[in-house]
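We count residues from 1, following the sequence as given. For ligands, and for the atoms within them, numbers begin at 1 and follow the listed sequence.
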Amino acid sequence: QAAISIRKMSKFYGDFLALDRISIDIARGEKIVVLGPSGSGKSTFIRTLNRIEPHDSGVLMIDGAIVDETTGLTELRGAVGMVFQNYNLFPHLTVLENCTLAPRLVRRAHREATEALARQYLAQVGILEQAEKFPIALSGGQQQRVAIARALCMAPDVILFDEPTAALDPEAIKDVIGIIDTLAERGITIICVTHEMGFARHIADRVLFMDRGCLIETAPPDRFFTAP
Ligand code: ADP
Ligand code: ADP
């Protein structure tokens with residue numbers, strides 16, 4: 001059974017067709033990179049997967065369950081986590097509090113258990129020493145790792161990345177690639193929008209190419225990138 005199964009999914013902004021009958025199956029643990037010109041619908045596409053942007057027609061299934069207006073958003077967004085380009089950390093909370101807020105509010109998880117788990121994920125992404133600091137004291141790469149740890153704290157099946165490397169230097173990009181690989185090895189499905197060809201080539205099992213709201217091709221990465 002596919003982790004994500006999509007049939008003829010469309011989305012309008014007003015009368016502008018932003019997604020035009022997208023169909024695709026994505027396997028559990030697959031690493032998907034979404035490429036395409038600016039404005040082609042990449043961001044909209046990944047946002048439909050956790051219903052930040054609801055689709056208007058077609059069928060979206062996650063882990064075998066149909067996602068529609070009756071779907072519980074809290075549960076869905078726990079299963080389908082998102083890491084944003086600008087990290088979207090809460091500036092008035094410490095790194096650790098950023099990670100434990102959602103599990104405590106949404107899952108009503110206990111403080112000690114949640115903190116222990118958060119520390120485990122912060123260690124996994126290599127920033128446990130920063131746990132008591134505020135986001136502003138961290139570099140961009142460190143903040144991006146906090147954002148990933150925060151997503152992991154909800155134990156997601158899928159993590160969506162929207163331009164995760166846009167603000168990062170090459171060294172930090174390498175770290176993020178390593179982290180994404182580890183997540184995929186653990187069976188987490190990765191769907192990543194990026195403009196960075198090098199990054200795309202390193203992480204992609206499969207590349208989706210979008211143009212004007214259509215998914216025009218899906219292929220293994222060697223079809224898109226010439227070998228060095
Ligand atoms: P990409 O991520 O490929 O740059 P987007 O998904 O952000 O593309 O946008 C696709 C198209 O939809 C663009 O033309 C954009 O201007 C438009 N769009 C995106 N979000 C909205 C919105 N909230 N309201 C109206 N139009 C939008
Ligand atoms: P991205 O390409 O990463 O989506 P954008 O700068 O295109 O970034 O969009 C940033 C935000 O503005 C998004 O929340 C998007 O939904 C919204 N947006 C984009 N285009 C439009 C538009 N034409 N009308 C209204 N909102 C838009």
Side-chain angles (χ1 to χ4, degrees), residues 3-26 30-62 67-69 71 73-74 76-77 79-89 140 143-144 147-148 150-151 156 158-168 172-173 176-177 179-180 183-184 188-221 223-225:
I4 299 174
S5 188
I6 300 172
R7 291 294 174 273
K8 295 187 178 170
M9 180 174 75
S10 294
K11 156 124 198 122
F12 289 88
Y13 291 114
D15 51 18
F16 175 75
L17 181 59
L19 296 179
D20 186 0
R21 289 164 292 168
I22 306 273
S23 295
I24 188 172
D25 288 321
I26 296 172
E30 210 177 352
K31 287 175 285 182
I32 300 280
V33 166
V34 186
L35 298 177
S38 183
S40 59
K42 305 180 296 294
S43 214
T44 301
F45 171 63
I46 64 168
R47 286 162 189 257
T48 59
L49 303 179
N50 64 357
R51 257 185 111 71
I52 291 180
E53 295 288 0
H55 60 281
D56 295 305
S57 60
V59 179
L60 166 62
M61 291 179 86
I62 310 253
V67 173
D68 61 14
E69 62 280 358
T71 302
L73 292 183
T74 309
L76 174 65
R77 289 177 191 163
V80 184
M82 181 138 184
V83 173
F84 297 89
Q85 171 177 347
N86 49 3
Y87 328 126
N88 279 17
L89 300 176
Q143 291 188 51
Q144 187 59 287
I148 295 171
R150 180 173 65 176
V158 180
I159 301 186
L160 311 172
F161 291 87
D162 199 349
E163 300 274 359
T165 61
L168 303 184
I173 291 177
V176 171
I177 291 171
I179 293 166
I180 290 178
L183 301 182
I188 296 179
T189 307
I190 305 291
I191 303 177
C192 178
V193 173
T194 186
H195 285 114
E196 298 268 349
M197 290 302 166
F199 178 69
R201 176 186 195 161
H202 270 100
I203 69 158
D205 293 325
R206 192 152 52 120
V207 171
L208 312 189
F209 192 82
M210 292 193 65
D211 190 27
R212 283 173 259 180
C214 296
L215 186 56
I216 59 171
E217 187 160 39
T218 89
R223 289 272 314 279
F224 281 93
F225 311 114

Review point. Just distances here: any N/O of Ser43 and N/O of ligand 1 closer than 3.5 Å?
Key: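 Yes - when backbone and side-chain N and O of Ser43 are compared with those of ligand 1, one distance drops under 3.5 Å.
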Check your understanding: Does any N/O atom on Gly39 come nearer than 3.5 Å to any N/O atom on ligand 1?
Key ->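 Yes; the residue has a nitrogen or oxygen that sits under 3.5 Å from a nitrogen or oxygen of the ligand.
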Exercise for review: Report the member of Phe12, Tyr13, Phe45 with the shortest heavy-atom distance to atom 19 (C) of ligand 1.
Suggested key: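 Closest candidate by heavy-atom distance is Tyr13.
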Exercise for review: Have a look at Ala18, Gly41, Ser38 and point out the one with the heavy atom closest to atom 8 (O) of ligand 1.
Suggested key: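 It is Gly41 whose heavy atom sits nearest to atom 8 (O) of ligand 1.
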Exercise for review: Number the atoms of ligand 1 from 1 as they appear, then name those within less than 4.0 Å of a heavy atom of Thr44, with their elements.
Suggested key: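 Going through ligand 1 atom by atom, the ones under 4.0 Å from Thr44 are 5 (P), 6 (O), 9 (O).
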Exercise for review: Could you tell me whether the side chain of Lys42 and the main chain of Gly36 form a donor-acceptor pair under 3.5 Å?
Suggested key: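 At least one qualifying donor-acceptor pair exists.
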Exercise for review: Look only at the side chain of Gln144 and the backbone of Pro164, and say whether a donor-acceptor pair between them is shorter than 3.5 Å.
Suggested key: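 Looks like yes, one N/O pair under 3.5 Å.
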**Study point:** Heavy-atom gap Gly36 to ligand 1 smaller than 4.0 Å
**Key:**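 Per 4.0 Å heavy-atom rule, Gly36 does not contact ligand 1.
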Review point. Contact between Pro37 and ligand 1, counting heavy atoms under 4.0 Å?
Key: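 Distance cut 4.0 Å: Pro37 passes for ligand 1.
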**Study point:** Residues Ser5 and Asp25: side-chain donor-acceptor under 3.5 angstrom
**Key:**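 Yes.
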Check your understanding: Knowing that exactly one of Val207, Ile203, Ile26 qualifies, which makes a side-chain contact (heavy atoms from CB on, under 4.5 Å) with Ile32?
Key ->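 With Ile32 as partner, side-chain contact (heavy atoms from CB on, under 4.5 Å) holds for just one option, Ile26.
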**Study point:** Partners passing side chain to side chain contact (heavy atoms under 4.5 Å, CB included) against Met82 (at least two apart in sequence or in another chain)
**Key:**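 Met82 satisfies side chain to side chain contact (heavy atoms under 4.5 Å, CB included) with Ile46, Arg47, Asn50, Ile52, Phe84, Leu160, Asp162 only.
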Output side-chain donor-acceptor pairs under 3.5 Å for residues 16-23, partner residues at least two apart or in another chain, one line each.
unit_1, atom_1, unit_2, atom_2, d
Ser23, OG, Lys8, N, 2.8

